[in-house]
Amino acid sequence: MNSERYTNGDAGQNGATVPGQTGKKPEDKQHLVNDQDVPPKYDSADVEGENGTDDGKDPDKTKKEKPPRVGTLQLFRFATGWDKFLIFLGILCSIINGVSYPLMVTIFARAVEAFVNFGKFNRLLWRTPEFLATRNLTWYDARKDIEGFEPLCPALRDFYNNTEQKSCDILDDDFEDVFDEMEKLSTFYFIGGFVISLAAFGQIYLFVYTAQRQVIRMRLAFYKNIMRQEMAWFDANSCGAMTVKLTDDITRIHEAIGDKLGTAIQYLSGSILGTAIIFYYGWELALVMQIGAPLLILSFATMGVVFTNMAAQERQAYARAGSVAEEVFSSIRTVQAFNGQEKESERYLKTLSDAKDYGIKKSMASGFGMGASWGIILSTLGLGFWYGGKLVRDGDYEVHEMMAVFMVALIGCQCLGLALPAVMTINNGRGAAYGVYAIIDRVSAIDSFSEEGLKPETLTGNISLKGVHFTYPSRPDVKILKGLDLTVPTGQTVALVGQSGCGKSTVVQLLMRFYDPDAGQVCLDGVDIREINTRWLRQNVGIVGQEPVLFATTIAENIKYGREGATMDDVITACKNANAYDFIMKMPDGFDTHVGERGAQLSGGQKQRIAIARALVKNPKILLLDEATSALDTESEAIVQDALDKASKGRTTIIIAHRLSTIKHSDSIVVFDNGQVAEKGTHDILMAKKGIYFDLVSTQEKAAQEANDPTREKTVGMKSELAVVGANRQRRKSSARPSLMEKAPVEPNVWWRVFKLNKPEWLFVFLGCVASFANGAMQPIWSLVLAEAIEAFSHESKSHQKDKMRTLSLYSLGIGMANFLTYFLQDYMFGISGETLTMRVRGMLFKAMARQNIAWFDDPDHETGILSSHLAMEASLVQGTVRGSIGYALLCMGNLGIGLLLSFIYSWQLALVVAAFIPIILIGYILVTKLLSGADAEGMKMLEEISKEAMESIDNIRTVSALTKEQKIYEIFRDKMWRDFKVNMKSKLNVCLVSGFTQGISYWAFGACFLYGSKLLKKDELSMGDIFRVLGCVVFCSMQLGRSLAFAPDFSKAGKAASFIFNLHDKIPPIDAYSKKGEKPSQGSFTATVKFKGCHFRYPMRPDVKVLNGLDLSVEPGQTLALVGESGCGKSTCVQLIERFYDPESGEVSLDKYRLKDLNIQWLRSQIGLVSQEPILFDQSIAENIAYGDNSRTVSMDEIIQAAKSANIHNFIQSLPSGYDTNVGSKGTQLSGGQKQRVAIARALIRNPKILLLDEATSALDNESEKIVQEALDKARAGRTCITIAHRLTTIKDADKIAVFKDGVVHEIGTHDTLMAKQGLYYKLQGAQRH
């Protein structure tokens, strides 16, 4: 069926156990991770079925009965023994870091009792001045030494006649000196800060280091297993979706097993130890304070489930959007030629709409869960105030026991709250791992990496197909082969002919074992190829396709891909045999010339000859030629055909041909019809039969004769080579480049522009800001409540304590409810504004990219993989800017601002000491941010390169597979990742050192506060209650400051991302696809006269190669101008200048009296119908692809059908189960080459253009269809200016003018007869082709 299915797909593939083989060895899966240390396998994630995922979606839906995530331990399936040891050390550091919180608070609780006792002692001294006078003591002197006052207690009791309020009975039995306690506490905090710095450094660095190692193995395993898959799997899974998983999804897993895991363990260990401590000190109060635990767990669980599900669905939606972006950017010439930018922008935004909805729901779940959790926590603490106070008043608890339970419970709850985002990140990673692991664990049906199967020592090359039935898995309703029997004897050349879609190319793909037959056998030397080792099979088969694919490396390396160990002598010999040597040596860098993405820096004919040389260097036993000379110019074709004829001698050769003149001398010709062999024999035998073959030959010969008839209407439809850079319809790939985002300078007004983008959501932003400020203010206000509670215990009246505790309990409950409301509003409001901004920014960036001119896309910095990566990452980074810049600023203002304000009100001296540490903390976080920014830039570059390389190899999987280069490409990929790892870890080390130091500063700050606070208290410069008010504000403000600044790295990257987006948005290209400027001549006011005047041109990416050298050329309205000449001489460049993909360096191109530069670009392109040699179709229905020809209006179904009839494709479409609604697949892979070409012709005809540009428009058609389509094109060209590019000179004899190009200028011009009479270059070309 599908000549494109071989040629258009390309690249390697992989398989699994097949009939005739034993099962896969258990150790066979070690290929997944054996590049460094081989980790043992855990139970795999739910493995999807044989057919893989559908359309690149996560395989979550394949097993709906199971949650779409893997177990937490399964995240570490790629950890080695050394990794596990380091992870264990990291866990120890995390635990030490985490348990420090409750331990320090426990120590502090004992000091609280000393504070409370000191407060009581202070009050006692105020009430007993008479007694102090008898002892010659002042109140000021006595308060300094509580321990020295203890011996005076009996005398005090006697002095006031056992009055309880004026005796030591109101004091605790332990007369500890509060000043000594505070000095001890300070010492503990200073030492603790040092220990925590070391633990924090170990925690962060060890998790970052091990996570990076594991993720590299995971990416390698993912990439390698993709390369193993059979072609049917690639037919059902888009390259874009796989790249998203390789980069974005695995990045989520990276976050889940990296420092976020350490953070989760750190805070969870603090929460767990806190729970143990509170039950140790007071189980009754602990039990009361656990009343909210079930509700807390329920809120966390509910939020986790909803968040994870929404995140999974959001990822699927973004994967679909990524596929659209990849398709558009890889086909940008087709998009711009048909003015499809606006339409594609709408299609892209439509796929983002679902992602926005899921993101908003995710934010709602997060806000509700976080708000509910903090509301429950603070309400429970209010209950603790009330019941704890009662226990102290009743004498059941000491103050330090009650405060230990209470404050540790508070810290434990805060730890739990801080652990929640990290736990959500881990859950997110588990969800991402589900789809990633399903692909990693998928067993390929045809495994090219497998060492199993026969590897015969000798191969004779006898091919036979016995009763073969076959249906493409992606189109199960259309049967291609129906019991095919075919034999190709050793050393013979057999040609396969027939209509497009009859099964010719399917035979080639079955022989390459890209697919296995549904029934029957494909045998090589009598052995079913399913029993032969797949890699060995493909190494012994050489293949040259109709649309050759080259890789983004040098010419020499591309040819060496044909055979492992090929020398330069082998390469040179192969190039000479393929007639490629001369043009290669003319290039500035010779064999070291970089061919660009998919060979974009070469013309079509040059690419074809490189591909032939690549096949010849292999010296294969079996040669498969699929229109191998179709893209060659006349001068080269005869020589290359002779080379191929020689190459086929002694080899079993199968040729697929539409041009029957090229296969007349074949040993046998097999005519296919309806999936079976209809006729077989030599040319003479089949002609004598006067059957199908006779009809095909007669049709073609008649067409050739009519081409020589001067009375016949002029025909069109020739094949051209691709021009240098120009006609490449695919993505542009190249070697690694720095991150575009990193190159973008951060503009001073970038944030203001971001805020303006969010202007339509100002109400949501405003409500979010109010909620953020209020949410921040809750914690310092609550710290005042805590300080009031501590101070209340120092009061001698129990009734006063009771009333105070009741009031404070109600305050705490109110603060809890306010916290719930503010958290929910904050997350939900910013979720709505943020997700809407993300969609708007993605759409804006997509539109800005689609706006750029073709030269911009030629730049290796703007390859499809890199652009898709930017779309995914930059918009997500910008999403948090409004919340990060305003929301978190207001949260800090409410928290830190109010906290410091209150601190200065109650004790400006102590507040100054606290404030002195804040700049140090800020500088520490700023350093972390800067260092992270550098480390993230390196990580970004690595992800871009990963995305680029993966896209190239996956998208070209048939070529990779045919060349058996999966392992080599994988090894290049592997070496690059491990090399980048070493560089990246050096920068991460600095980040971890500074981060550890920053965490220790907080403890040192608290220690200084306690030490200085004790001095002030001793001097009576502040009260005991004021110390707790200041320290309470400091504790909560510092924790919130750290939590808020944790977002600073994202904020920093967001600035660069926003600048990149706005820079590109503001960049108006020289050829602006969206421009409304320029003249739009009314209908009838202009003629389709096209003129080139003194045009000089170089492609921007190859400034050293001049393509046009002062070209002068014109074509009058209604005329047909044919362009001929060698590959790369400038023919297709003319087409691209007419389409205004580029502008000439000097000279001008004009339409009638208008310079093309003066015309509106969209109007100009709407006057042109382009049918190219390698047509690009979109992953939509056939009807939508045809309607794409005119994007200025809604095309009716009747028009679509009429265009299809004119292109001779209507009957085929009608025969499909879904008719015009049939999806053509990515780049049209579900159709054969001829079918794709006819859809492309219908697409061009539907816009009724004034100018037709035909780039060998009928090259892929079979003989029966070609004449009819040619007649349709003849009718379509009536009254239109037509420019054709031709290699086959018989098709352009009747052109009004024939221009022969050489060295970028017109060497000869005239009619066929005139040029033949001159006996110049055209005459020589004709002679070479007849020969």
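Atom set for the values below is all heavy atoms of this structure, side chains included, hydrogens, waters and symmetry mates excluded. Computed from a predicted model, the values in this text were never measured in an experiment.
Listed by chain and number, the residues in a side-chain contact (heavy atoms from CB on, under 4.5 Å) with N1223 are D1179 (sequence neighbours excluded). Among residues two or more places apart in sequence or in another chain, the side-chain contact (heavy atoms from CB on, under 4.5 Å) test is passed with K479 by H469, T471, K482.
K560 is not listed as a side-chain neighbour of V617, based on a closest heavy-atom distance of 4.5 Å or more. Annotation: side chain of R252 is in contact with side chain of D249 (closest heavy-atom distance under 4.5 Å). Side-chain contact between W536 and E451 is absent, with no heavy-atom pair separated by less than 4.5 Å. Residues V595 and I610 fail the side-chain proximity criterion, which asks for heavy atoms closer than 4.5 Å. In this structure the side chain of Q212 reaches within 4.5 angstrom of the side chain of H254, judged on heavy atoms. Counting heavy atoms from C-beta on, the side chains of I532 and R513 never come closer than 4.5 Å. Between L1216 and R475 there is a side-chain heavy-atom pair separated by less than 4.5 Å. Under the 4.5 Å side-chain criterion, counting only non-hydrogen atoms from C-beta, L220 is not in contact with F78.
The distance from the CD1 atom of I463 to the CG atom of L486 is 8.5 Å, given to the nearest 0.5 Å. Taking CD from Q539 and CD from E564, the interatomic distance works out to 8.5 Å, rounded to the nearest 0.5 Å. To the nearest 0.5 Å, the span separating CG on L511 from CD1 on I543 amounts to 9.0 Å. Between atom CG of residue L481 and atom CG of residue L465 there is a gap of 8.0 Å, rounded to the nearest 0.5 Å. Atom NZ of K466 is separated from atom CG of D528 by 8.5 Å, given to the nearest 0.5 angstrom. To the nearest 0.5 Å, atoms OG1 (T964) and CZ (F449) are separated by 10.0 Å.
Between Y970 and Y223, the ring-plane angle classifies as parallel under the 30° and 60° cut-offs.
A salt bridge does not link E1184 to R347: none of the charged side-chain nitrogens sits closer than 4.0 Å to a carboxylate oxygen. Using a cut-off of 4.0 Å between Lys/Arg side-chain N and Asp/Glu carboxylate O, R217 and D83 are scored as salt-bridged.
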Go through the steps for D354 and Q316 under the test side chain to side chain contact (heavy atoms under 4.5 Å, CB included), then give the verdict.
-> CA-CA 9 Å; D354 288 342; Q316 292 177 14; over 6 Å; no

Walk me through it: do T251 and R219 pass the test side-chain hydrogen bond (donor to acceptor under 3.5 Å, both in side chains)?
-> CA-CA 10 Å; T251 298; R219 280 201 169 101; 3.1 Å; yes

After noting the C-alpha distance and the side-chain angles of Q1230 and V478, does the key distance pass the side chain to side chain contact (heavy atoms under 4.5 Å, CB included) rule?
-> CA-CA 11 Å; Q1230 300 306 307; V478 181; over 6 Å; no

Report the C-alpha distance between Y561 and V960 in whole Å, list the side-chain angles of each, state the deciding distance to 0.1 Å, and finish with yes or no for side chain to side chain contact (heavy atoms under 4.5 Å, CB included).
-> CA-CA 9 Å; Y561 273 166; V960 174; over 6 Å; no

Give the intermediate values and the outcome of side chain to side chain contact (heavy atoms under 4.5 Å, CB included) for residues S505 and I656.
-> CA-CA 7 Å; S505 291; I656 296 175; 3.8 Å; yes

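Remark: side-chain polar atoms of S1218 are not paired, donor with acceptor, to backbone N or O of D1221 under 3.5 angstrom. A donor-acceptor pair is defined here as one N or O able to donate and one able to accept, closer than 3.5 Å; such a pair exists between the side chain of N225 and the backbone of I439. Proximity of a side-chain donor or acceptor of Y472 to a complementary backbone N or O of D235 within less than 3.5 Å is not detected. A donor-acceptor pair is defined here as one N or O able to donate and one able to accept, closer than 3.5 Å; no such pair exists between the side chain of R430 and the backbone of G71. The backbone N or O of M512 sits less than 3.5 Å from a side-chain atom of R538, completing a donor-acceptor pair. Between the side chain of N540 and the backbone N or O of P620, no donor-acceptor pair lies under 3.5 Å.
The minimum heavy-atom distance between D525 and G461, with the atom names listed, is OD1-N, 3.1 Å. Residues V541 and K618 come closest through the heavy atom pair O-NZ, 2.8 Å. Scanning all heavy atoms of the two residues, the minimum distance from Y348 to A325 falls at CE1-CB, 4.0 Å. Of all the heavy atoms in P517 and V522, the pair that sits closest is CG-CG2, 4.3 Å. Between L459 and K621, the shortest heavy-atom contact is CD2-CB, 3.6 Å. Summarising the geometry of I1176 relative to S331, their closest heavy-atom pair is CG2-OG, 3.1 Å, with the distance given to 0.1 Å.
No option in K968, Q967, R974 other than Q967 meets the side chain to side chain donor-acceptor pair (under 3.5 Å) test with E971.
When only modelled atom types and interatomic distance are considered, Y515 and T506 share no side-chain donor-acceptor pair under 3.5 Å.
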